[in-house]
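So that the names make sense, note that chain A is the first sequence line, chain B the second, and so on, each numbered from 1.
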2 protein chains.
Amino acid sequence: MTELAELPAAPGAARTQGRPRSSRAHEAILEAVLDLLEEGVTVEALSMEAIAARAGVGKATIYRRWAGKDELLLETLIKLKGPPTQPLGDSVRADLIRLLSVVGQKDERAVRVMPCLMPEVSRSPEAYRIWQEAITEPRREVMREVLRRGVATGELRADLDLEVTVTMLISPLLLHRMVRWNPRLDEVDDLPEQIVDVVLRGVTA
Amino acid sequence: MTELAELPAAPGAARTQGRPRSSRAHEAILEAVLDLLEEGVTVEALSMEAIAARAGVGKATIYRRWAGKDELLLETLIKLKGPPTQPLGDSVRADLIRLLSVVGQKDERAVRVMPCLMPEVSRSPEAYRIWQEAITEPRREVMREVLRRGVATGELRADLDLEVTVTMLISPLLLHRMVRWNPRLDEVDDLPEQIVDVVLRGVTA
DNA sequence: GGATTCCGATACGGTTCCGTTCCGTATCGG
DNA sequence: CCGATACGGAACGGAACCGTATCGGAATCC
């Protein structure tokens, strides 16, 4: 049987003897999970058989690496979302527009995967915690920092509620890009600018 | 076997002979579906066996009424969301606050069910259409009407973009009440007022 | 070259759910 | 009272999936 040439094995593996694990198979498995989620399969309905088939891999190859679906999913999601976009340090307005513009643009796939994660997140406190810590909170913090800068320069009101403002900025974009909550917004091509302008006018000192 | 007393059969049933269908069983089935969805079972993972067991009903009783899971779900969701809350016709500000305040309050159960519907909605164009027509669009229209009144009275800018404004008002509430996107907002007790005030200041004439 | 480990593939017994088909009983119209 | 239909419950054959085991071959270390 013709075996694919192997990449130089996963880093950090403390293995000493025998054939090293194929990093090619490793990647194929993670990719298969994302593929399936992207197609609309929920976490709950995601089957190990389907993952193995999609990855072109034996089930044993999956179970050799992860104890079960949960651990596999955790690693997959961490891979999915890299570090958040950083502001450029221009004006508050330009930075906010920049941060909003990348929502669902930089991560086409992540946007399609997210709705499939929602049931899990709203049911399991553990899933909720991971989702908060790894995905949403770091992105909110970046935006908070921009707003704090605006408060420090006097551009924004000193008594600004950071949490409310951050939520007001991101929520419309998230809801539109993730679930297309209001399809009429498809025709609005400068949504980030419009949102930032309304909010900034509302919270300017 | 002690049979429960029957309510006077579902209306519109053109049946003439034999024992009429139990409207009690009918209701129990719909209720069971909502119960299960509320507990975090996704549409995909919702099983007819579980529904029948929860409703205290034979599976045949379900299949006698609906051809499959899809048709049963459709009827369930239509039952779930009644007509949207109506504005009182006070000030624009008071009406908007009122509309935002009921998000996820009037319909405790609907809020918990919604996340479980998201995967289905984002995967199936048909589900998306039904969701838009039956749930989100009627509620947006109520809010648009309030905004149009504000424009007519000169309270709001004449060139106001209704879609963007509606989305800016509702999205933060939806995201918070449905998936608790930002847990720090739990401590904010006047979120609707704050949002309305910022947006109104941003779009005042 | 020999030991060891991983590879993809296949098969296993066990579980859950499907949609249907029977029961024996209950409840209606005529 | 009788015929017709619905009821809850149980069982069916078939399908999908679980996690494990086993296979012959392939890759790497000692």
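- For A/R64, the listed nucleotide lying nearest its side chain is C/dC7; candidates were C/dC7, D/dA6, D/dA27.
- Of all heavy-atom pairs spanning B/E71 and B/A67, the tightest one is OE2-CB, 3.4 Å.
- Residues passing the side chain to side chain donor-acceptor pair (under 3.5 Å) test with B/E187: none are found, sequence neighbours excluded.
- If you take CD of A/E44 and P of C/dT16, they are 15 Å apart, rounded to a whole angstrom.
- The minimum heavy-atom distance between B/P172 and A/M168, with the atom names listed, is CG-CA, 4.0 Å.
- Dashed line: the shortest gap from a side-chain N or O of B/R24 to OP1 or OP2 of D/dG8 is not under 4.0 Å.
- A close approach under 4.0 Å does not occur between any side-chain nitrogen or oxygen of A/S22 and OP1 or OP2 of C/dC6.
- Considering all non-hydrogen atoms of both residues, B/V121 and B/W131 come closest at CG1-CE3, 3.5 Å.
- For C/dC28, its base never sits under 3.5 Å from the side chain of B/R19 at any donor and acceptor pair.
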What donor-acceptor contacts under 3.5 angstrom involve side-chain atoms of residues 48-56 of chain A, with partners at least two apart or in another chain?
unit_1, atom_1, unit_2, atom_2, d
A/E49, OE2, A/K59, NZ, 3.1
A/R54, NH1, A/E39, OE2, 2.9
A/R54, NH2, A/E39, OE1, 3.3
A/R54, NH2, A/E39, OE2, 3.2

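- Taking the charged nitrogens against the carboxylate oxygens, B/R112 and B/E108 do have a contact shorter than 4.0 Å, which makes a salt bridge.
- Residue pairs that meet the salt bridge (Lys or Arg N to Asp or Glu O under 4.0 Å) test with at least one member in residues 61-70 of chain A, sequence neighbours left out, do not exist here.
- The nearest whole Å value for the distance from the CD1 atom in A/I62 to the C1' atom in D/dT20 is 14 Å.
- Atom CD1 in A/I29 sits roughly 13 Å away from atom P in C/dC6 (whole-Å rounding).
- Atom pair A/I51:CD1 and C/dG8:C1' shows a separation of 17 Å (rounding to whole Å applied).
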Strictly under 3.5 Å: I want the nitrogen or oxygen pairs between protein and nucleotides 17-20 of chain C, one per line.
unit_1, atom_1, unit_2, atom_2, d
C/dC18, OP1, B/M48, N, 2.8
C/dC18, OP2, B/M48, N, 2.8
C/dC18, OP2, B/E49, N, 2.9
C/dG19, OP2, B/Y63, OH, 2.3
C/dG19, O5', B/Y63, OH, 3.3
C/dG19, N7, B/K59, NZ, 2.9
C/dG19, O6, B/K59, NZ, 2.6

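- For the helix from C/dG1-D/dC30 to C/dG30-D/dC1, the terminal axes (five pairs an end, C1' atoms, rotation from four pairs onto the next four) enclose an angle of 20°, given to 10 degrees.
- Closest of all the heavy-atom pairs between B/R139 and B/P84 is CG-CB, 3.6 Å.
- The side chain of B/R21 places an N or O atom within less than 4.0 Å of a non-bridging phosphate oxygen (OP1 or OP2) of D/dA6.
- For residues 46-92 of chain A, the ring-ring contact (aromatic ring centres under 6.0 Å, His included) pairs, not counting sequence neighbours, are A/H26-A/W66.
- Picking from C/dC7, D/dA4, D/dT28 the nucleotide with the shortest atom distance to the side chain of A/R65 gives C/dC7.
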